[in-house]
Every structure is written in structure tokens, then in C-alpha cells.
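Comments concern the structure below.
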Amino acid sequence: MALNNKKVLIYQVFTRLYGNKNTTRKENGTIAENGCGKFADISPTMLTQITSMGITHVWYTGIIRHASQTIYDEYGIPRQHPAVVKGRAGSPYAITDYYDVDPDLAVDVPRRMKEFEELIARTHAAGLKVIIDFVPNHVARQYRSICKPADVTDLGETDHQDHGFDPQNNFYYCPGQRFTPYFDLYAGEAEPYLEEPAKATGNDHFDNAPGKNDWYETVKLNYGVDYYGGRVEHFTPMPDTWQKMTDILLFWAAKGIDGFRCDMAEMVPAAFWAYATQVVKKQYPDLVFIGEVYNPNEYRHYLASGFDWLYDKVGMYDTMRAVICGQQPTQAISWAWQQTDDIRDHMLYFLENHDEQRIASDFFAADARKGIPAFVASVLMQQNPVMLYAGQEYGERGMDHEGFSGNDGRTTIFDYWSIDTLCRANMKQLTDEEKELFHIYKKTMKIARRECAIFNGYFFDLMYVNKHLQRQYVFLRRADSDLLLVAVNFDGEPVNISINIPAHAFDYLQMKEHKAKAADLLSSDKLSFIFKADSAVDMTIDAYGARVWKMKA
């Protein structure tokens, strides 16, 4: 068993929204109308509050400069044509300069990189580690670096644009064809957006006419895979893009960050990652790589290529969502973790992030309380890292009509906006229900950080001997003399349940039969029972509730 000295708990902060206290929230509003969170807004006090929740890492989303409709001409920052920008604020995954930070986030735009460096220092001073996005698969259509080192050749600068594919090109082209998508190329401007020859679009759309549902605002980077010729790999000699992107990773690592969340990592060949992670970790051995990989058949391949943690979306997230919504029984949770049991310490669990709908939205569960059992189970069932999205802990609903994003149950990544629950938490105006939800989230995370049985203990799933439980999930955790019996209730009604404890659990966890006295770490309730093999433990659990009984093993 891997030895951990703490549970990794990642807090995703969409930086543009997180510190924004402007509550105007005008649909399609400008930065002047709706405001924008700044690096400076994330104060030592705010960081201390994050630390007090039990968080270990903060993922600052949207740091690197990306396409936006906001104009910064006076600072020499190139304009982006609005026809190829999604929303007023733009997508943080349409990068316009890998060596710059988003000017929206700065109080003093010329000092924007210095302000980010100061945020890194503040975050570290609070005892937290810093993760930022690395977007390796695609860039904005009008990518041009103004902040690159003097000896760096810009992406595409030396490309042979008359070649659809060339191993040393940075982009893919459609020679002789103009970019002609199925939407307006003027977008209110006097002149249309012009791109000739057209470049391939980021979501592997290799012609000149992406649709409105494609990633039309981005262009695909070329890592030496000939998609026009049947995905033939040309990795020797090393493609130019490999070195350019590795240098970008080293640039940000030198700023003192602690990890990269790598966007759509599986759309970039694993061979590149094997090279780049080795180079970066040689200089920065403690730096972690988190991969957004959705194909379970590729998980082990990408872990072998240097990733530390991978999204567990298709397995655990999808399963937990289905259980919350009553579409699957809790037995499905056991099946989900068993699919990745050999790599369990590398799987990142989550219930919300910027891509997914909020639990409390009408598109998901419509009630944040329904996510409590899934959160408790996700945090306490294994040693692996867990992530939550800022506002999740208060039950943020994500039911706003922000603008480009529309009302889709997600918190926008395209618009200038502020997050209702975060604003009210700052003003101490949370409802009693929101306060109670936060209390449960915080207690659960503190248990994960404090209890050795969680961050360094053995796990025993009890569901195979408790098939009568269809809306509850139960398991044991043990380390040294401490034993935790965890039971969560996905039902909307309180339940009285009997949990069978098999003899095999006593053998596997090396437990002794005894008269047990247990205390619930979530409520301080007490429970006494005879703890012996092939017997049952009876208990009550509130609607959408959880029990974390601690006793001696």
C-alpha cells in the first residue's frame, strides 16, 4: 500500500469569477458592467479560509492569457476578432499567449505577471500548493505571443502552410482553402475574420468549415501525428511542437507552481507526455501532472507516460451522478472503483468542475443535499485525491443566464459574472441550509486530513454482503488501532439499516471481536454494539445523510 502523509484535496477556483463581488450580473455584460475577479482579490484571509476547510491544493483556472473581446490596445495586447471568441470574456482554453497571464485578472495590467507571482507566494504562505491549467491540444485562432523569450520562435512562425501536414509544422492546414465556418464572420465588426489557408480546428475537425458546436475558436496543435494520412506517427526526428510545449511547461514550473492540470491530455500523443514529463520532473521532481483523460482504455497508458492523477469521469463521476439521480443502485459504486483498483491512488474523484453541471442545478439533482452522500463517500472511501469546485460547498445552483453560456446548469467559463453563493458567503448572508451544507463538507474534509484510517488506511467494501441496500453505500477503513465504519444514505427519507460485517473483513483488516463503542465523527452521536464476524450493526441515517463511526479495531 502506498504511504501517504495526507489526503490530497483540490479546490478549483475559476479565477475570473472567484473574487468578483460585483452582483450586477447583466446578461452578456462587459467587464466594466459585471466586474471581474483579480489576483489581488484572493487575499491571505481568503486563502486561510480555504486552508481551514482541509484543502491542500488550489487549481487556479484561466490564468494563461486567452482570447477575449475586451480590448487592451494601450498595453500592446493584440485584439481578437469577436467572430472567433466565445463570449465577452472568452474561453480560458483558447490560449493567445502561452507566456502571458490574463490581463483581466490584474489590477495593474503592465504588472500582471508580477501580480500572479505574488498570488503564488500568498498561496504557498497559506500552506497550499498551486495548480494551473496547461492547454496542450489547441490554441486560439489568432494566437500570437508578445511575451515569449527573445530566443523563442512563435508557434506557426516557420510552418510550411502549403502542407496540410508536416512533422515540423506546429499547426495543420487546409491548403488553398479559406476558413469558412457555418456562422457570421463579421460579428458586428466592419471587416470579417480572415484566415487563409484555414487551420484545422481543436476538436480534430480537419477541414475549413467547423460548425457552431465545434471548438471553432481554436486550432489544433501538431505533435507529429498525420491525421490526413491515417494517424501515422512521425516522432523521429522530434517534432518542433514537442520542444516548444516542453519549454512552456518549464517556463511556468520556474514560477514556483506545484502542478499542471492538462486539458484534454488524451488528444495529445502519450509519447509527447513521456518526453515532456520526464524533462520537467528532472528539474522539478515534486511537480504533479493531472490528466483530463476520458477513455478508460488509455488510463494506464497515460499514467505510464508520467501523469500522477487522472480524471475519474467516465467511471466514478458518471456512476455517482447516476446513483444520486436514482438511475443506478449503490452497488454500482463498487463496480466503478473495481475497474481502476490497480491504479486507484492515481484516480481523481470529483462531483463538480467547470465542465459539469452543478449538483443543485435543475439539470442534475435540483438539491445540493442530494450530493452529500456521494461527497462523503468520494472523500473517504480511498486514498486518492478528490476535487471540489468553488461554490459546491455552499450548493451553488449554476442556473444563471450569463450570456454565451446560457442557462445550462453550469457556472459560465465564457462570460463576466460573479458566483451568488460565494458573494453571499463573503457578506455572511448564507441561508441556514447553505451553512449546514458547508459544515458537512468541511467536517468531511477535515476527517479525511486528520484520520490516518482515511489517508493511509485499508479499504473494505461491504456491499457484496449487503445486497439488500439499494440506496445506501457502506465500507470500512482501518489503520493501526483505528477503525471507521462509513455509511451514506442516498435516499430522501431517514432509514434504519442493518449492515452485515463478514468474517472476511475481520481477516483482511485484522480486526478483533469485541464490545464496540463508536462515535460518529460527523455528529458526535454514540453507538454501542457487539462487533463480531458475520453479525450486523444497526443504525439510523438521516435523509441524504452519512455516518462515520470511529471505534477501536
Side-chain angles (χ1 to χ4, degrees), residues 14-17 28 30-31 36 61-72 77-98 100-104 133-146 154-156 159 170-174 177-189 191-222 227 241 245 262-264 267-268 292 354-355 402-406 408 410-417:
F14 197 94
T15 319
R16 178 201 301 156
L17 305 182
N28 286 311
T30 65
I31 190 171
C36 182
T61 303
I63 297 299
I64 301 177
R65 182 158 66 81
H66 55 268
S68 169
Q69 294 185 35
T70 300
I71 296 170
Y72 287 97
I77 296 173
R79 289 194 191 195
Q80 304 290 305
H81 197 291
V84 287
V85 180
K86 290 182 176 178
R88 290 272 194 177
S91 166
Y93 298 102
I95 301 298
T96 54
D97 189 342
Y98 279 117
D100 198 2
V101 297
D102 181 6
D104 285 347
D133 285 289
F134 175 56
V135 187
N137 176 68
H138 49 269
V139 296
R141 298 211 86 92
Q142 293 182 293
Y143 181 93
R144 180 163 72 86
S145 177
I146 60 171
D154 214 4
L155 286 167
D159 279 6
N170 299 133
F171 301 120
Y172 297 90
Y173 296 90
C174 302
Q177 299 180 58
R178 181 175 292 186
F179 180 65
T180 314
Y182 299 103
F183 53 81
D184 175 26
L185 284 175
Y186 283 87
E189 295 291 297
E191 297 295 328
Y193 173 72
L194 177 63
E195 178 181 299
E196 190 172 356
K199 301 182 184 75
T201 299
N203 60 323
D204 291 358
H205 194 103
F206 291 96
D207 62 40
N208 67 327
K212 65 179 182 179
N213 295 322
D214 288 311
W215 304 349
Y216 63 79
E217 82 281 25
T218 68
V219 291
K220 174 85 172 178
L221 283 168
N222 172 9
Y227 289 90
T241 304
M245 301 306 280
C262 300
D263 184 69
M264 297 309 298
M267 296 183 76
V268 173
E292 185 184 18
H354 67 279
D355 285 319
E402 302 103 333
F404 186 88
S405 178
D408 60 0
R410 298 174 178 85
T411 293
T412 181
I413 65 169
F414 305 107
D415 306 284
Y416 294 112
W417 206 253

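- A 4.5 Å side-chain heavy-atom check between F171 and P197 finds every atom pair outside the cut-off.
- The line from CG of L155 to CD1 of I95 is 11.5 Å long, rounded to the nearest 0.5 Å.
- Rounding to the nearest 0.5 Å gives a distance of 8.5 Å between CD of E189 and CD of Q69.
- At distances below 3.5 Å, not a single donor-acceptor pair connects side-chain atoms of N222 with backbone N or O atoms of Y172.
- A heavy-atom distance below 4.5 Å is found between the side chains of M264 and W215.
- Within the 4.5 Å cutoff, side-chain heavy atoms of P78 are placed close to those of R65.
- The residues D204 and K220 are annotated as salt-bridged, a charged nitrogen and a carboxylate oxygen being separated by less than 4.0 angstrom.
- Looking at T201, T180, N203, T218 one by one, the single match for side-chain contact (heavy atoms from CB on, under 4.5 Å) with P210 turns out to be T201.
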With side chain to side chain contact (heavy atoms under 4.5 Å, CB included) as the test, would you mind laying out the steps for T30 and R88 before giving the verdict? CA-CA 7 Å; T30 65; R88 290 272 194 177; 3.6 Å; yes
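- Between L17 atom CG and T412 atom OG1 the span is 7.0 Å, to the nearest 0.5 Å.
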Can D97 and I146 be said to form a side chain to side chain contact (heavy atoms under 4.5 Å, CB included), step by step? CA-CA 7 Å; D97 189 342; I146 60 171; 3.7 Å; yes
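- Considering every non-hydrogen atom in both A67 and A140, the closest pair reads CB-CB, 4.1 Å.
- In terms of heavy-atom proximity, D214 sits nearest to K86 at O-NZ, 3.2 Å.
- Taking CZ of R16 as the start and OH of Y416 as the end, the distance is 6.5 Å to the nearest 0.5 Å.
- Scanning both residues, A209 and Y182, for their nearest heavy atoms gives O-CE1, 3.2 Å.
- Two residues are said to be in side-chain contact when any heavy atoms from C-beta on lie closer than 4.5 Å; I413 and T61 fail this criterion.
- Residues Y93 and N137 bring no donor and acceptor atom of their side chains to less than 3.5 Å of each other.
- Distance alone, capped at 3.5 Å, places no donor-acceptor pair between the D133 side chain and the V135 backbone.
- Closest of all the heavy-atom pairs between A198 and R178 is CB-C, 3.9 Å.
- Between P136 and M245, the closest heavy-atom pair is CA-CE, 3.8 Å.
- Between the SG atom of C174 and the CG atom of D207 there is a distance of 6.0 Å, given to the nearest 0.5 Å.
- Counting only heavy atoms from C-beta outward, the side chains of F134 and D263 never approach each other to under 4.5 Å.
- When every heavy atom of N28 is checked against every heavy atom of D415, the shortest pair comes out as OD1-OD1, 4.3 Å.
- A donor-acceptor pair is defined here as one N or O able to donate and one able to accept, closer than 3.5 Å; such a pair exists between the side chain of Q142 and the backbone of H81.
- Residues E402 and F414 have side chains not in contact (no heavy-atom distance under 4.5 Å, counting atoms from C-beta outward).
- Ring geometry, Y216 versus F183: the interplanar angle falls from 30° to 60°, so the pair is classed tilted.
- Side-chain atoms of V139 and Y98, non-hydrogen and from C-beta on, do get closer than 4.5 Å to each other.
- Residues E292 and D355 are in side-chain contact: their nearest non-hydrogen atoms beyond the backbone lie under 4.5 Å apart.
- Interatomic distance, Q80 CD to Y193 OH, rounded to the nearest 0.5 Å: 9.0 Å.
- Listed by chain and residue number, H66, D104, L105 satisfy the side chain to side chain contact (heavy atoms under 4.5 Å, CB included) test with D102 (two or more places apart in sequence, or in another chain).
- Taking the centre and axis of the six-membered ring of F179, the NZ or CZ atom of R141 falls inside the cone set by 45° and 6.0 Å.
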